[in-house]
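Notes to accompany the following structure.
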Amino acid sequence: MKLLNIAPKAFWGLAILSATTAFSVATPSATAITISGSRVQDISAADIGESFTVFLGGNIDREETEGLSSKALFKVAGFETVTRIINNITQQVTEVKFDVQLSNTSEPNILQSRTSGFGFDVSETLIGASIQAINDASKPLFQQANLGKKLLDGRDGTVDVCYSDQKNNCRGGKSGGVTTGNIGNFSTTLTLNSATQTVDLDNFGVRYQSIDLAGTKRLEDLSGTGYTVTVAPGGSKDWAEEDCQDCHLR
């Protein structure tokens, strides 16, 4: 596995706070995952197979844009201590793996849009991150896992890890991502200190490109940002047997 963008977290700057609701709930006792606002807490090896869904809104020029939205469904796919060679040094690290399904759920008043980047903060110091296909029959939605890069608006818009088709940049306008009404997926492995037993995720966000709005000039090609609206335990409505678009995540 190739580790990407190895860098100390202390120099990445502060990430801006996500817009959240008062939603706060603990998942059933079979899992240690707790959801508080936009923060998913205490993910551990005991939670392999558990899932949660992040719902994100959208804004253009820092103004909320009705109907512009995305959804990210996470499944905890691995949590183990392994031996890796990093910077020519053999060492033990903890690898936490997530399967992610990212949907652009924008409504019809958004004629077109593209969720071109996605990222979040991690409670523990990241040694590296990688991105892979979710299975042998697919390709990953994004090509790059970038550490400590700007994704969100504002002076402190940096997140700990973000995914896009651009190396060292999650705010660019390349053609990658998922368009309105469509779904893409990828698997990511976060590499942490070997002493890590639990990890929290927070400050989820997306970047939008190629936005065209109904009732305005066509092909505006606007860009925007999306922040967390709420986080819910378990899978999305697509998780049901009758709409099994994400069965491969089970």
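Positions are given from 1, in the same order as the sequence printed here.
- Counting only residues at least two apart or in different chains, ring-ring contact (aromatic ring centres under 6.0 Å, His included) contacts with residues 135-163 comprise F142-F186, Y163-F186.
- Ring centroid separation for the pair F204 and F74 comes in under the 6.0 Å cut-off.
- For D165 (side chain) and Q143 (main-chain N/O), a donor-acceptor pair under 3.5 Å exists by modelled atom type.
- With contacts defined as side-chain heavy-atom distances shorter than 4.5 Å, the pair Q112/T179 does not qualify.
- A distance of 9.0 Å separates OG in S130 from NZ in K97, rounded to the nearest 0.5 Å.
- Between R171 and D153 there is a salt bridge, with a side-chain nitrogen of the basic residue lying less than 4.0 Å from a carboxylate oxygen of the acidic one.
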Evaluate side chain to side chain contact (heavy atoms under 4.5 Å, CB included) for V76 paired with I33, printing each intermediate quantity in order.
-> CA-CA 10 Å; V76 184; I33 295 177; 4.2 Å; yes
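- Without hydrogens or angle criteria, N203 side chain to D160 main chain gives no donor-acceptor distance under 3.5 Å.
- Remark: the T225 side chain and the N59 side chain contain no N/O donor-acceptor pair separated by less than 3.5 Å.
- The main-chain N or O of S106 is never found under 3.5 Å from a side-chain atom of T180 such that the two would form a donor-acceptor pair.
- Across all non-hydrogen atoms, the minimal contact from S103 to I183 is OG-CG1, 3.4 Å.
- The backbone N or O of A137 lies less than 3.5 Å from a partner atom in the side chain of N135, making a donor-acceptor pair.
- Summarising the geometry of T198 relative to E124, their closest heavy-atom pair is O-CG, 3.9 Å, with the distance given to 0.1 Å.
- At least one donor-acceptor pair under 3.5 Å links the side chain of S69 to the backbone N or O of T105.
- The two residues L102 and A72 come nearest to each other via the heavy atoms CD1-CB, 4.0 Å.
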Carefully, step by step, assess I60 and L213 under the rule side chain to side chain contact (heavy atoms under 4.5 Å, CB included).
-> CA-CA 11 Å; I60 299 173; L213 306 175; 4.2 Å; yes
Applying side chain to side chain contact (heavy atoms under 4.5 Å, CB included), run through F98 and I43 and close with a yes or a no.
-> CA-CA 11 Å; F98 296 97; I43 302 168; 4.0 Å; yes
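- Under the ring pair (Phe, Tyr, Trp, His ring centres under 6.0 Å) criterion, F79 pairs with no residue at all, not counting sequence neighbours.
- For D200, the salt bridge (charged side-chain N to carboxylate O under 4.0 Å, His left out) test picks out R39, with sequence neighbours left out.
- To the nearest 0.5 Å, atoms CG (L201) and CD1 (I35) are separated by 10.5 Å.
- Nearest heavy-atom pair, I127 versus I86, reported as atom, atom and distance to 0.1 Å: CG2-CD1, 3.9 Å.
- Taking CG of N185 as the reference point, atom CG of L141 lies at 7.5 Å (rounded to 0.5 Å).
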Can V178 and R114 be said to form a side chain to side chain contact (heavy atoms under 4.5 Å, CB included), step by step?
-> CA-CA 5 Å; V178 57; R114 177 165 50 88; over 6 Å; no
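- Distance CG/L68 to OH/Y208: 4.5 Å, rounded to 0.5 Å.
- A133 pairs by the side chain to side chain contact (heavy atoms under 4.5 Å, CB included) definition with S138, P140, not counting sequence neighbours.
- The side-chain heavy atoms of T125 and N193, taken from C-beta on, include no pair separated by under 4.5 Å.
- The distance from the OG atom of S194 to the CD atom of E80 is 13.0 Å, given to the nearest 0.5 Å.
- Within a 6.0 Å sphere centred on CD of Q91, other residues, nucleotides and ligands contribute more than 12 heavy atoms.
- Atoms CD1 and CG, from I110 and N104 in turn, are 9.0 Å apart once rounded to the nearest 0.5 Å.
- Annotation for T53 and L73: closest pair OG1-CD1, 3.3 Å, computed over non-hydrogen atoms.
- When side chains are defined from C-beta on, L190 counts as touching L126, because their heavy atoms get closer than 4.5 Å.
- Using modelled atom types, no side-chain atom of N87 and backbone atom of I89 make a donor-acceptor pair closer than 3.5 Å.
- Applying the disulfide bond (SG atoms under 2.5 Å apart) rule to pairs touching residues 120-172 yields C162-C170, sequence neighbours excluded.
- When all heavy atoms of R207 and S223 are compared, the pair lying nearest together is NH2-OG, 3.5 Å.
- The neighbour count for Q197 CD, taken as heavy atoms of other residues, nucleotides or ligands under 6.0 Å away, does not exceed 12.
- At a threshold of 4.5 Å between non-hydrogen side-chain atoms, the residues F118 and V206 count as touching.
- Partners of N109 according to the side-chain hydrogen bond (donor to acceptor under 3.5 Å, both in side chains) rule, which considers only residues two or more places apart in sequence or in another chain, do not exist here.
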